[in-house]
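Everything on this sheet refers to the single structure shown next.
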Amino acid sequence: MSFLCFDHKLNELSIDKEFQYQRSFLYGDGHFSTAKVIDGEIQYLTSHIARLQNANDKLKFSQVDWLKLETILKQTAKRLTLGFIKIHFSRGQSLRGYGQCAQIKTTVFVSFGELTSPFVKTLSHPNTIKLTQLTTQLGLQPLLAGLKHCNRLEQVLASAELEHTEFPDGLIADIQGNVIETTKANIIWYHQGAWYTPSLINSGVRGVMLEQLLDQKLNIIQADTSMAFVSQQAEAMIVCNCLIGLQAVSSIDDRMLDVELSQKFMKEVSSA
């Protein structure tokens with residue numbers, strides 16, 4: 001993995017001199033997006049830039065030179081065959097205290113590298129995945145809901161719980177019992193003729209891959225639904241993020257799901 005560091009005008013900086021005073025490191029005062037690169041091209045680059053701009057506005061970060069950032073990302077991607085680029089925004093430097101946000105200039109970190117198996121170049125992952133239900137729950141905070149901010153301790157705790165199971169990923173609910181996501185992906189599920197996904201109004205991450213599905217007008221219903229209902233009543237399920245694309249869920253704990261139904265949906269998305 002390689003790292004680059006830039007100021008808000010996208011002038012390159014020494015990463016060694018910048019890191020220890022960054023608010024992203026000190027307080028989790030940052031946000032990020034991770035994009036997939038296939039044959040030197042960043043997948044959904046426009047959506048990733050829009051996601052970063054939205055987080056910048058909501059978190060009241062100083063603006064950056066977006067056009068120059070896009071140019072740097074495109075140049076960086078040319079080095080990769082099947083890889084990733086992570087764009088990480090820190091509010092900037094701070095020695096102590098949470099305040100004085102308006103005076104601080106954003107710092108941008110870019111990391112990149114190649115991806116290995118099980119990542120693939122296709123949109124739909126050929127392998128299925130088994131999920132379990134996790135007991136770790138997400139808090140409610142509408143101000144941060146949907147954003148990929150740098151305070152990911154809830155996901156860390158859920159991942160720590162997952163490590164004591166034999167499953168590769170698990171479903172997480174919020175403190176009201178509504179299913180939200182997995183430890184690393186968004187979810188959509190099928191029930192009685194319709195596809196659903198969590199509303200993500202109060203918690204969770206609104207991923208770029210999920211946004212692509214919603215933008216395709218696939219009639220996916222956004223709704224608050226209990227973990228208990230989804231785990232017992234979902235007929236099929238798909239997990240999605242920008243690195244894995246779409247992946248069919250074969251089971252939730254010991255209950256089998258309709259993989260063919262998920263694969264049919266994934267095929268429709270790929271051909272759209």
Side-chain angles (χ1 to χ4, degrees), residues 1-2 4 6 10 30-59 61 64-89 108-116 118-126 129 145-150 152 155 169 181-188 195 197-198 200 204-220 222 238-248 262 265-272:
M1 185 187 299
S2 300
L4 300 172
F6 305 90
L10 274 296
H31 62 92
F32 64 99
S33 193
T34 306
K36 191 174 186 178
V37 179
I38 299 177
D39 296 330
E41 297 288 335
I42 300 175
Q43 308 298 293
Y44 312 119
L45 176 57
T46 300
S47 297
H48 283 285
I49 294 294
R51 180 193 210 183
L52 294 166
Q53 290 174 329
N54 176 59
N56 243 37
D57 291 341
K58 287 191 173 182
L59 296 174
F61 277 35
V64 304
D65 187 333
W66 295 102
L67 290 177
K68 191 171 181 181
L69 173 62
E70 188 168 340
T71 298
I72 290 170
L73 295 177
K74 288 179 177 178
Q75 292 172 343
T76 302
K78 292 178 181 179
R79 312 181 196 186
L80 304 172
T81 302
L82 174 60
F84 72 92
I85 293 182
K86 179 180 178 181
I87 313 101
H88 173 168
F89 280 38
V108 180
F109 297 88
V110 176
S111 57
F112 57 95
E114 294 286 352
L115 292 171
T116 57
F119 296 100
V120 295
K121 288 186 177 182
T122 56
L123 174 62
S124 298
H125 200 287
I129 187 173
L147 303 181
K148 195 68 176 285
H149 56 77
C150 288
R152 307 252 55 91
Q155 284 74 20
D169 205 353
E181 58 197 10
T182 75
T183 66
K184 58 179 73 77
N186 289 119
I187 61 171
I188 62 171
W195 287 95
T197 194
L200 305 180
V205 175
R206 195 175 185 88
V208 167
M209 193 69 246
L210 176 62
E211 287 286 359
Q212 304 307 309
L213 298 179
L214 296 175
D215 287 346
Q216 286 190 36
K217 310 299 183 185
L218 299 169
N219 297 320
I220 300 173
Q222 301 177 60
I238 293 168
V239 296
C240 63
N241 67 33
C242 279
L243 295 187
I244 65 170
L246 309 176
Q247 189 170 15
S262 294
F265 177 88
M266 291 157 59
K267 186 176 181 180
E268 292 174 356
V269 172
S270 298
S271 61

[X] side, atom [atom1]; [Y] side, atom [atom2] - distance, nearest 0.5 Å:
X	Y	atom1	atom2	result
L200	L210	CG	CG	6.5 Å
L69	F6	CG	CZ	8.0 Å
L80	K36	CG	NZ	12.5 Å
I238	Q247	CD1	CD	10.5 Å
T116	L82	OG1	CG	8.5 Å
F112	L73	CZ	CG	10.5 Å

*Can a cation-pi geometry be assigned to K86 and F32, taking NZ or CZ under 6.0 Å from the six-membered ring centre and within 45° of the ring axis?*
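Positive - K86 is close enough to the ring of F32 and near enough to its axis.
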With heavy-atom distances below 4.5 Å as the criterion, would you say the side chains of [X] and [Y] are in contact?
X	Y	result
C150	H88	yes
V205	K184	no
W66	N56	yes

*Check A248 against M266 and note the closest heavy-atom contact, atom names and distance.*
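Minimum heavy-atom separation between A248 and M266: N-SD, 3.8 Å.
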*Tell me, with the steps shown, if Q212 and C242 meet side chain to side chain contact (heavy atoms under 4.5 Å, CB included).*
CA-CA 10 Å; Q212 304 307 309; C242 279; over 6 Å; no
Assess whether atom [atom1] of [X] is packed by more than 12 heavy atoms of other residues, nucleotides or ligands within 6.0 Å.
X	atom1	answer
K121	NZ	yes
K74	NZ	no
N219	CG	no
E114	CD	yes

*asked:* For H31 and F61: C-alpha separation, side-chain torsions, deciding distance, then whether ring-ring contact (aromatic ring centres under 6.0 Å, His included) applies.
replied: CA-CA 10 Å; H31 62 92; F61 277 35; 5.1 Å; yes
